[in-house]
Structure formats: C-alpha cells, structure tokens
**Q** 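I have a structure here, written as structure tokens, and I will follow up with some questions on it.
Proteins get letters first, then strands, A, B, ... in listed order; numbering begins at 1 in each. No hydrogens, no waters, no symmetry mates; every other heavy atom, side chains included, goes into these values.
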Amino acid sequence: MYDVQEIRKDFPILAREVNGKPLVYLDNGASAQKPRAVIDAVTRGYAEEYANVHRGLHYLSNLATEKYEGVREIIARFLGAPDPEEIVYTTGTTMGINLVAYGWAMEHLKAGDEILLSVMEHHANIVPWHFLRERMGVVLKWVDVDETGALDPQKVIDAIGPKTKLLAITQMSNVLGTVVDVKTICHAAREKGVPVLVDGSQAAVHMPVNVAEIGCDFYAITGHKLYGPSASGAIWIAKNRMAEMRPFMGGGDMIREVSKDEVTYNDPPMKFEAGTPGIVQQIGLGVALDYMMGVGMDRIAAHEASLRDYAQSRLTGLNWLQVQGHAPGKGAIFSFTMDGAGHAHDISTILDKKGVAVRAGHHCAGPLMDHLGVTATCRASFAMYNTVEEVDALVDALELAHDLFG
Amino acid sequence: MAQPAFEEVVEDFEFLEDWEDRYRMVIEMGKDMAPMPDALKVPATKVEGCASQVWLHMTPEQGVFHFQGDSDALIVKGLIALLHRLYDGLPVAEVGVVDARSELGRLGLNDHLSAQRSNGLRAMIERIREQAAE
C-alpha cells in the first residue's frame, strides 16, 4: 500500500507552517519540493565530493565525474531510453527545447516549412519556435483542444501536411492536466517521416515514461519538477537525430581540439554540453529519479489518480467555481476561476493566508489562455506527497475566498 | 495623524480581530469606491508592475490632489480605496510627505508592501508620488 504519510516524512519542507497554518503545497506544477535524499546528496556533493568534472586527473575530480556521469544511466532508465549516450544534460526543459530548435531545426528547416504545435503548449515549447519563425520564416501551425481540453491525436495527425517538418507537443498540459496520447501521434508522424519533440516537463513526474514505446525523437524533462534540484534536467535524443544535429552552445567540454583555425567536437552527448555544468544539481537529479523509481512510478500515478478523483468530486461540488479542463484521464492539475472574484490573484492571496500555495496567472501558456477566453486562472497541482486532507484544506480555503468575494 | 477618512478606517480596524475580517473590509471598500469611467482606463493611466490590471487617474485641482482608480482584482481595488482615503483631498504639496508604508502598517497590511509582492501597491504609491511631484 501507498503510505503517503511515510512519503511526507521524506520531504522536510512539508512539516513547516506558512502564515501560521500548516503548509498545503499545491504548486507542484511550477516546481516540486525535494526529498531529504536529494538535499543530502546536494550537501554531500559540495561538502565532500566537489570538483569540476571531466578535467582534473585528481581524486575528487574523478569522483565527481563518476557520480555526475552515472546519472545518465539513471535518466535513461527513468525514460526507458535504450542507451545512456542518448541523454543530453540540460538545465531544464527550456534548454532542451532550445537545443533542438538551434541544433536540429535550424539546420533542417527552411522558410515556409511548418512546425505543428498544440494550443496547450507552454511558452518554453512555443517561443523557441517563434525564434525560428522570426529568423527563418518557419510557419507555426496550431491544433486546438476540444471543449473538455482533450487533444484528439487524430486531429494532430490530420494536420500533418507536406510542409510539416516537426511536431512539438506536450505530454501533459501544465494548465489543464490533459494527458496527450503522444504514442499514437508519434507512430503516425514516424510513418510520414516527421520527427516529434515531446515536452515531458509536466508528464514525467506523474506517470511512467518510455520513450522507446512512445516512439518520439526528442523527449525533454526538467529536474526541478521531478523532485530534483533546480537547473538540472535532460533531453533524450534519438541517436539518428543526434547525428543530424550541430552543437548550439560552444565552450569547454564539448570540444576535442581547438586551434586558431579550426575546432573539432567531442562525441555526443558531450558535444551538446558546453561549459561547466550543474554538477551537483545533476547528481541530485539522479537521486530524485532513483527515489521516484524506488517508490514506483505506477504507484505514484495511482495515488495521484485517487487524489484527482477526490479533488474533482469536491471541486465540482462548488457551483461558483469554474474548473477548466475535464479531459478523460487527465492528471491531478486543476485550473479554475471563481464567480465574484475579480482576478486569480484575489483567490491565491486568500488561499495563501490559509497556508495553501497555488499558482495564479497565465501559467506561461498564452495561446491556451486565449483559447479558453480567460486572462488568468488559479491552479492547484498535486504531487506524490499530497493528501485528501489537503484537498479538503483547499476546498475550505476556496469557500472562505468565495465568502469574502461573494 | 493621516486624513480623517483614513483615520476612520484605522478606528474600524481596531475592532477587527482576525485577518479575514480585515480583508473583508478592504474588499468592501473597493466595491464601494466610486467607479472609474472606462474612458479613463487607457495606457497612460495603467500602472505597470502589477500582476492584475491597475489604473490610476490623478487630477490635481487648485492645489488639491484628487485621484480615481480601479483594478480587476478585488483585493487590489480595496488597496486602491485605502490609498484614496490616504491621499485624496490632500494639498498636492503634502502628498510626498505621507509615509504610506507606516500608515498601512497601522492596519496590519504591511505584508502587501514587500518588494517581491506582485500586487503592485508599491508601484501605485510611486505613481501617486510622481504625479503629485510634477
């Protein structure tokens, strides 16, 4: 059985109070809290095992390198990737997607070529493509979600045209919680010879991921949402795509030789990892992923599904609350607005006074906000350590807010 | 002592024990404020640096400071109502003298004034002081 109280003990911050109330942390979609094992690994990394990687031939450098490089295998296992050398370290999803934009798309797309996106994408999976639109005349095409917030895979597949050169699709909406059937999309896209980048920023923390099964070409994750340190992360890139890429950031570590007249590059994945990386952060990410896999991604997913069902039933009972997105099989992410409250910030301010941390705003998803016809929403996003009691605390706080604004 | 309109609020607040009632009153004050005509909600009156939309329209008349304001967020609108009581009707020369931070602190609302807060109270106070100084 899944003992959420035992899991909570692993996350020291959950014991604290905020505004005199026990912390109810429901802003996991923005960033997740860290288990003791990760905090300890980061502390130990600096206190006992720190040196730069890949450089020195001394004891500590070798030790740090070994630990740091060992994380590739953990990430590969976490993502179901066949080969750790297909894992490129990043500082997060944003960097991963930018790497694909500059390193792959800029090499292979030309003016008039199309990139297909869903309207649910996060700005991190929009703005890099706008760069290509601005610089190269690449065209962005958008696929809408239906009235429940679901994305019909067939609609995406049908939108693939002769000029489509890349699909960039989230596996889980950070606003609606909608889970996208990326597998169906990827298999159809592969038949048409179109590569797919999957933004796994939200999804990877909530469900088992297997990139081989999905059949994508790029899968980007970010460490801080995976109970890992901020500025850790990775992108899985299929071997054949990696071979098609040019490095986009230049500097130390990614080169083999540099002279006044020429430069030769290191082998992938290091070819794409310029400069001193987040050594300790990445080591911490490995510990976070091991922690999650130790609990079991299936069990985490089941726990969160029960939280989702409970939250859905409680929130639906509030007839003055408008929850955005009811796609079947959605994750435990709830965006809402409230009758009477002028602005999402009104709601989050009151919730905060009650110790309930949620996000209010546009959630870095401008096109989706336009599609929904709202400027901002409040978002409660759940994680492996949240409880049904915390759903109740959220509802109590919402009732107070409604009472104050009504 | 601040203006009588603001002192009234301070007195009312003394009877309110918990933050919920204080917020309730702030929200009510926002709702009771004279509406700002939509025609005045233009880029020139918009206060940037606020998470919600905020407009302030200031009109010094014969040396007396007057302003209207609005926001799409109810709590922020309430804060504007408090600023209205603090500043509206003051001689223009005295606007810069008001220590808004400590006055609002008397209401136990100082947590709205930290630099990181995105409600824009600081930006609003700055805009008022700038306009009065012109």
**Q** What residues form a side chain to side chain donor-acceptor pair (under 3.5 Å) with B/His66, not counting sequence neighbours?
**A**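 Counting only residues at least two positions away or on another chain, B/His66 forms a side chain to side chain donor-acceptor pair (under 3.5 Å) with B/Asp88.
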**Q** What pairs of donor and acceptor atoms, side-chain ones from residues 32-43 of chain B against any protein atom, are under 3.5 angstrom apart with sequence neighbours left out?
**A**
from	atom 1	to	atom 2	distance (Å)
B/Asp38	OD1	B/Lys41	NZ	3.3
B/Lys41	NZ	B/Asp70	OD2	2.7

**Q** So which heavy atom on A/His123 is nearest to which on A/Gly366, and how close?
**A**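 Heavy-atom minimum between the residues: NE2-N, 2.7 Å.
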**Q** Got a salt bridge between B/Glu103 and B/Arg106, using NZ or NE/NH1/NH2 to carboxylate O under 4.0 Å?
**A**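 Salt bridge: yes.
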**Q** Which residues in residues 375-406 of chain A have any heavy atom lying under 4.5 Å from a heavy atom of chain B?
**A**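 Checking residues 375-406 of chain A against chain B gives A/Leu400, A/Asp403, A/Leu404, A/Phe405, A/Gly406.
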**Q** Check A/Ala288 against A/Leu226 and note the closest heavy-atom contact, atom names and distance.
**A**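 Closest approach of A/Ala288 to A/Leu226: CB-O, 3.4 Å.
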**Q** If I measure from the heavy atoms of chain A, does B/Ile27 come under 4.5 Å with its side chain, its backbone, both, or neither?
**A**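 Contact with chain A involves the side chain of B/Ile27 alone.
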**Q** Does CZ in A/Arg135 sit with more than 12 non-hydrogen atoms of other residues, nucleotides or ligands closer than 6.0 Å?
**A**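 For A/Arg135, atom CZ is crowded (more than 12 foreign heavy atoms under 6.0 Å).
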**Q** Measure from NZ or CZ of A/Lys225 to the centre of the six-membered ring of A/Tyr227 and say whether it is under 6.0 Å with the direction within 45° of the ring axis.
**A**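 No, a cation-pi geometry is absent between A/Lys225 and A/Tyr227.
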**Q** Is a side-chain donor-acceptor pair under 3.5 Å present for A/Thr93 with A/Ser201?
**A**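 Distance-only check passes for A/Ser201 and A/Thr93.
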**Q** Is it true that B/Asp99 and B/Ser102 share a donor-acceptor pair across their side chains at a distance under 3.5 Å?
**A**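 B/Ser102 vs B/Asp99: donor-acceptor pair found between side chains.
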**Q** Under 4.5 Å from any heavy atom of chain A, what part of B/Lys77 do you find: side chain, backbone, both or neither?
**A**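 No part of it gets close to chain A.
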**Q** Spell out the residues in residues 11-20 of chain B that have some non-hydrogen atom less than 4.5 Å away from a non-hydrogen atom of chain A, in order of number; otherwise answer 'none'.
**A**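 Listed by number, the contacting residues are B/Trp19, B/Glu20.
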**Q** Parallel, tilted or perpendicular for B/Tyr87 and B/Phe65, by the 30°/60° rule?
**A**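 Rings of B/Tyr87 and B/Phe65: perpendicular, as their planes differ by over 60°.
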